[in-house]
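We name chains A, B, ... by the order of the sequence lines, and we start the count at 1 in each one. This structure is a prediction, so every number in the text was calculated from the model and none was measured.
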Number of protein chains: 2
Amino acid sequence: MPSRDSYHHGDLRRALTDAALVLVRERGPKGFSLTEVARRAGVSAAAPYRHFADKADLLATVATLGFRQLTAALNAVPAGGDGRQRLVEMGRQYVRWALDHADFYLVMFGADTKQSDRTEVVRAAEDAFRALLDAISVAVSSGVLKVDDQHELAGSLWSVVHGTATLAIGRDLRHAGITTPAEDLAALTIAAVLR
Amino acid sequence: MPSRDSYHHGDLRRALTDAALVLVRERGPKGFSLTEVARRAGVSAAAPYRHFADKADLLATVATLGFRQLTAALNAVPAGGDGRQRLVEMGRQYVRWALDHADFYLVMFGADTKQSDRTEVVRAAEDAFRALLDAISVAVSSGVLKVDDQHELAGSLWSVVHGTATLAIGRDLRHAGITTPAEDLAALTIAAVLR
DNA sequence: ACCTGAACACCGTTCAAGT
DNA sequence: ACCTGAACACCGTTCAAGT
């Protein structure tokens, strides 16, 4: 059986993924290095290439986990009551999650994490989007919301929360003198769109 | 007088900035390297450090120019007529500019371009924001728009256009099955917010 | 004052060689 | 099959030395 000392690691893929999660949180997407991840997993710099195509591939795996967590957070917003109010709450939750996991969020929407063949991340991102889509569908069915194109509305709301979250993470809202907390700003913008 | 062959370049700062603008457009923020910029300016890799604190400082200069161009594009939207309609048009223009200059836009909102002491970029970004703020102020004064907090509304609208632009640049809207052009999506979202 | 050359520490990635 | 070691090409940054 393979031990920690043997040249077989056992589950190096997992160990690398775990180390990557820690490193992203510690240094952000910018300070992230594959060499450092390997070092933390106690393995040579070349070893990761048995399990990941390249650095971007490992980051895409991290992003996938991030999207799944975000999806869970969105779906955890209680249903029932006014369907529009639930959409506002989901928007709040989205922005809150993004700010609480800013580094992950940046990886999830990083330049190279959704390349052509990375179907897994794209699917995970779709699932997060679907949570939003479902909430819209429910609100429309219950009659509290009337809308022509539900997909388009989902795009609008996603733009609102993503824009608010990224501007807040980049401290751009603060620089512009906007003191309203990002979460509140997203909530009132969504409420305005749904009115 | 200094010639191209002398060890005095003449205006190396300018030459480096120009080369950086070209390189950002050619390779994007990710493929951008200070060494390559120096090479294109016909100078050693160490030379840029006489004119820029570091790589991020040169990128901040690029970002500053980007913000100024964006501001000009926004202010070029004709005034007069319905103040709300002008805001919609400015949103369109914002998204169009961002998509037409995607690499610049990513540099402008990149992680390290707005560090503590980089007052110039921050000021340029403020000027762009002010264009939006002014348009809101005009609409309110003319009576076509009623709003409690103009600054807050500016934050809402900025979130909308920034979110739409970045999701479009990252191809996330397409992946989510949203076929509406980003520019139209931003326009209808803004119209909804102002309604 | 402004730039070069060499150096340093660090990457991502490849590949023959080991177990 | 899985990992190491060495190598390669490339960075960002510093600093003594040249003009």
request  = Tell which nucleotide pairs with D:dC2, taking only Watson-Crick or G-U wobble pairs whose two distances are both under 3.5 angstrom.
outcome  =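 WC or wobble partner is C:dG18.
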
request  = Just name whichever nucleotide pairs with D:dC10, Watson-Crick or G-U, keeping both distances under 3.5 Å, else none.
outcome  =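 Paired with no nucleotide.
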
Let's see if you can work this out: which of [options] has an atom nearest to the side-chain heavy atoms of [X]?
{"X": "B:S44", "options": "D:dC3, C:dG12, C:dT4", "value": "C:dT4"}
{"X": "B:Y49", "options": "C:dG12, D:dG12, C:dC3", "value": "D:dG12"}
{"X": "B:R39", "options": "C:dC11, D:dT13, D:dC11", "value": "D:dC11"}
{"X": "B:R50", "options": "C:dG12, C:dC3, D:dC3", "value": "C:dC3"}
{"X": "B:A46", "options": "D:dC11, C:dT14, D:dT14", "value": "D:dT14"}

message = Within the 4.5 Å heavy-atom criterion, are B:H175 and A:F129 side-chain neighbours or not?
response =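 No, their side chains stay 4.5 Å or more apart.
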
message = Return the CG to CZ distance between B:L12 and B:F52, rounded to the nearest 0.5 Å.
response =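 Rounded to the nearest 0.5 Å, the CG-CZ separation comes out at 8.0 Å.
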
task = Nearest 0.5 Å please: distance from the CD atom of A:Q93 over to the CG atom of A:D100.
result =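 Between atom CD of A:Q93 and atom CG of A:D100 there are 9.0 Å.
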
Using atom [atom1] of [X] as one end and atom [atom2] of [N] as the other, report the distance to the nearest whole Å.
{"X": "B:D54", "N": "C:dA9", "atom1": "CG", "atom2": "C1'", "result": "17 Å"}
{"X": "A:L58", "N": "C:dC11", "atom1": "CG", "atom2": "C1'", "result": "15 Å"}
{"X": "B:L23", "N": "D:dC10", "atom1": "CG", "atom2": "C1'", "result": "14 Å"}
{"X": "A:K55", "N": "C:dT13", "atom1": "NZ", "atom2": "P", "result": "8 Å"}
{"X": "B:R27", "N": "D:dC10", "atom1": "CZ", "atom2": "P", "result": "10 Å"}
{"X": "A:F52", "N": "C:dG12", "atom1": "CZ", "atom2": "P", "result": "14 Å"}
{"X": "A:L12", "N": "D:dA1", "atom1": "CG", "atom2": "P", "result": "17 Å"}
{"X": "B:K30", "N": "C:dC11", "atom1": "NZ", "atom2": "P", "result": "15 Å"}

request  = Take A:R118 and A:D57, measure what salt bridge (Lys or Arg N to Asp or Glu O under 4.0 Å) needs, and give me the verdict at the end.
outcome  = CA-CA 8 Å; A:R118 307 205 195 289; A:D57 190 31; 3.4 Å; yes

message = With a 4.0 Å cutoff (strictly under), does any side-chain N or O of A:H51 reach OP1 or OP2 of D:dC3?
response =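 Affirmative; the distance criterion is met.
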
inquiry  = Does C:dC3 have OP1 or OP2 under 4.0 Å away from a side-chain N or O of B:R13?
reply    =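 Checking C:dC3 against B:R13, no side-chain N or O comes under 4.0 Å of OP1 or OP2.
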
ask   = Do B:F67 and B:F109 make the cut of ring centroids closer than 6.0 angstrom?
value =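 So the answer is yes for these two rings.
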
